[in-house]
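Input: a single structure, listed below in structure tokens.
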Amino acid sequence: MGRGRRLSGGQLPDAGGPAQRLRVDLGGLLTGMRTQTLRAWSWVHRWSSLVSTLFLLMLCITGLPLVFSHEIDEVLLHQDWKPAAEGRSLDLDQVLDAALSRHSGGVPAFMSFDEDRPVVNVTSVDPDGAAGQYTFQPVDRTSGAPAPPVSGHPVMEFLLQLHTDLFLGLPGMLFLGLMGLMLVAAVVSGVVLYAPFMRRLPFGTVRASKKARARWLDYHNLLGVVTVAWVLVVGVTGVVNTLAVPIIAYWKDTALKELTEAYDAPAPLTERSSLDDAVRRAREALPGMKLQFVAFPGSSYSTEHHYAVFFHGETPLTAHLTTPALIDARTGELAAVAPTPWYVTVLSLSQPLHFGDYGGLPLKIVWALLDFVTIVVLVSGLYLWFARRRTARP
């Protein structure tokens, strides 16, 4: 008692008094809360990973060759082709007539333009056929004759379809978007769990002398943290890409709604004005930009009453940012220049960023290496889960 500080009246403080007990109780409470929080994050990490890992593995494996799709197609499908005539160019109406003459009853949906060849690609649809089935015709602009298509290799097309929607259309896209959200949850929860784990070990430690499970846990944590920024970028852009159909539909129903209110019925084929004149007026409205494609009335990127003529910039960034000029399909007059809203811009930027298609081959190589590391992280996560279950068995 001689070591205690005396109070007035000669009394000593109670070492186990209310204040001390309160501090002990609060400390225990905070420790319990931290433990419960970490358990909750651990539950999120475990189950978000387990639910999504197989699908994420599929996406990573199929995405690896898709990063180099342009280069692979160039090697496998290279064709020496020359136009039928030099110094001659049909107007777009003649090109369209030539394509539709070979697709009896077809209705034009899109027209795009090759960058390296005088070729116009006309996509048409059979109004009485199955939804989503299109006829794609490359047309030699110097003669109107068919040109060899520049399409993806069948294997690459298969991988792209599998990667995009599991061959299930919009439901498949939305399901993969949900798996992308699971990936984001797994990454964020993994980062939260990694911080207290590394209090016991220096950053980057791999306990090589320990058992296989401990070594793979260290590799899993290290590689996961090193690639966390890239995985989040690819995961979030992948989720955005799966929402392409509802994003474009929302854009048509909101931003373009005012342009359609003045019309009673869609513009029939027999009353449409010159396509060539429409593109020329669109060029005048958007000078200095590069023509990308034309969406015909009734297609997914236009209204029932307008040609939507899309242009883009020339730089690596602005090449993915499009601006449409809407031309009245009946009169051929400019109806509006409709800068795309922010959510469409996000979609336009997400698509190339998802595959590293901004910085040429060097960036693609970096994307591929990070993709391979992510595959290792996913496989090691599965191994750790199975190893833990095997250890926990009696």
Side-chain angles (χ1 to χ4, degrees), residues 44-45 47-70 109-110 123 131-134 152 155-190 227-256 292-293 295 299-302 310 320-322 340-358 364 367-368 370-371 374-375 377-378 381:
V44 170
H45 185 71
W47 289 107
S48 60
S49 300
L50 287 175
V51 169
S52 62
T53 291
L54 291 179
F55 295 100
L56 294 175
L57 269 175
M58 180 275 296
L59 292 173
C60 287
I61 293 171
T62 57
L64 198 56
L66 288 174
V67 169
F68 302 103
S69 59
H70 298 305
F110 302 103
T123 302
Q133 291 188 356
Y134 295 93
V155 173
M156 300 302 293
E157 292 293 323
F158 173 86
L159 292 177
L160 179 61
Q161 194 73 26
L162 180 62
H163 188 91
T164 302
D165 61 12
L166 300 172
F167 298 95
L168 297 175
L170 181 58
M173 294 176 68
L174 296 178
F175 175 78
L176 291 179
L178 177 61
M179 294 302 101
L181 291 176
M182 291 284 187
L183 170 63
V184 173
V187 170
V188 172
S189 57
T227 59
V228 62
W230 180 84
V231 172
L232 283 175
V233 167
V234 172
V236 171
T237 54
V239 171
V240 173
N241 291 340
T242 63
L243 300 176
V245 173
I247 285 175
I248 296 301
Y250 180 76
W251 173 61
K252 288 178 60 176
D253 293 340
T254 55
L256 302 184
Q292 184 180 36
F293 73 97
S299 65
S300 56
Y301 280 80
S302 187
F310 285 79
H320 301 288
L321 297 176
T322 58
T340 51
W342 66 268
Y343 48 88
V344 178
T345 299
V346 169
L347 174 63
S348 299
L349 295 177
S350 293
Q351 291 170 340
L353 183 59
H354 186 70
F355 291 107
D357 196 13
Y358 271 111
K364 291 184 177 185
W367 242 239
L370 291 169
D371 190 327
T374 304
I375 292 174
V377 173
L378 293 171

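What you see is a predicted model, and the numbers here were worked out from it, not measured in a lab. Quick note: numbers below take in every heavy atom, side chains included, and nothing from hydrogens, waters or symmetry partners.
Of the inter-residue distances, the one linking M156 atom CE with F68 atom CZ reads 10.0 Å to the nearest 0.5 angstrom. Here the straight-line distance linking atom CD1 of I61 with atom CG of L56 works out to 11.0 Å at 0.5 Å rounding. Atoms CZ and CZ, on F293 and F310 in that order, are 4.0 Å from each other to the nearest 0.5 Å. Note that OG of S52 and CG of L176 are 11.0 Å apart. Values are rounded to the nearest 0.5 Å. Rounded to the nearest 0.5 Å, atoms CG (L349) and CH2 (W342) are 12.5 Å apart. In this structure, CG in D165 is found 10.0 Å from CG in L174, a value given to the nearest 0.5 Å.
Without hydrogens or angle criteria, T237 side chain to V234 main chain gives a donor-acceptor distance under 3.5 Å. Under a 3.5 Å cut-off, the side chain of T62 and the backbone N or O of L59 do form a donor-acceptor pair. For W367 (side chain) and L64 (main-chain N/O), no donor-acceptor pair under 3.5 Å exists by modelled atom type. Proximity of a side-chain donor or acceptor of K364 to a complementary backbone N or O of D357 within less than 3.5 Å is not detected.
Ring geometry for H163 versus H354: interplanar angle of 30 to 60°, hence tilted.
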Self-check item: S69 and F355: CA distance, side-chain angles, deciding distance, side-chain contact (heavy atoms from CB on, under 4.5 Å) verdict
Solution: CA-CA 10 Å; S69 59; F355 291 107; over 6 Å; no
Practice problem: Give the intermediate values and the outcome of side-chain contact (heavy atoms from CB on, under 4.5 Å) for residues M58 and L166. | Solution: CA-CA 10 Å; M58 180 275 296; L166 300 172; 3.4 Å; yes
Practice problem: May I have the step-by-step check of side-chain contact (heavy atoms from CB on, under 4.5 Å) for L353 and V233, ending in yes or no? | Solution: CA-CA 8 Å; L353 183 59; V233 167; 3.9 Å; yes
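Here the two rings, on F158 and F167, have centers that are under 6.0 Å apart.
The two atoms that bring S48 and M182 nearest to each other are CB-O, 3.7 Å, heavy atoms only. Contact between T164 and L160 at its shortest, heavy atoms only, is OG1-O, 2.7 Å. Across all non-hydrogen atoms, the minimal contact from S350 to V240 is OG-CG1, 3.6 Å. Nearest heavy atoms, L378 versus T53: O-CG2, 4.0 Å. T322 and S348 get closest at one heavy-atom pair: OG1-OG, 4.4 Å. Minimum heavy-atom separation, L66 to L159: CD1-O, 3.9 Å.
A heavy-atom distance below 4.5 Å is found between the side chains of D371 and W230.
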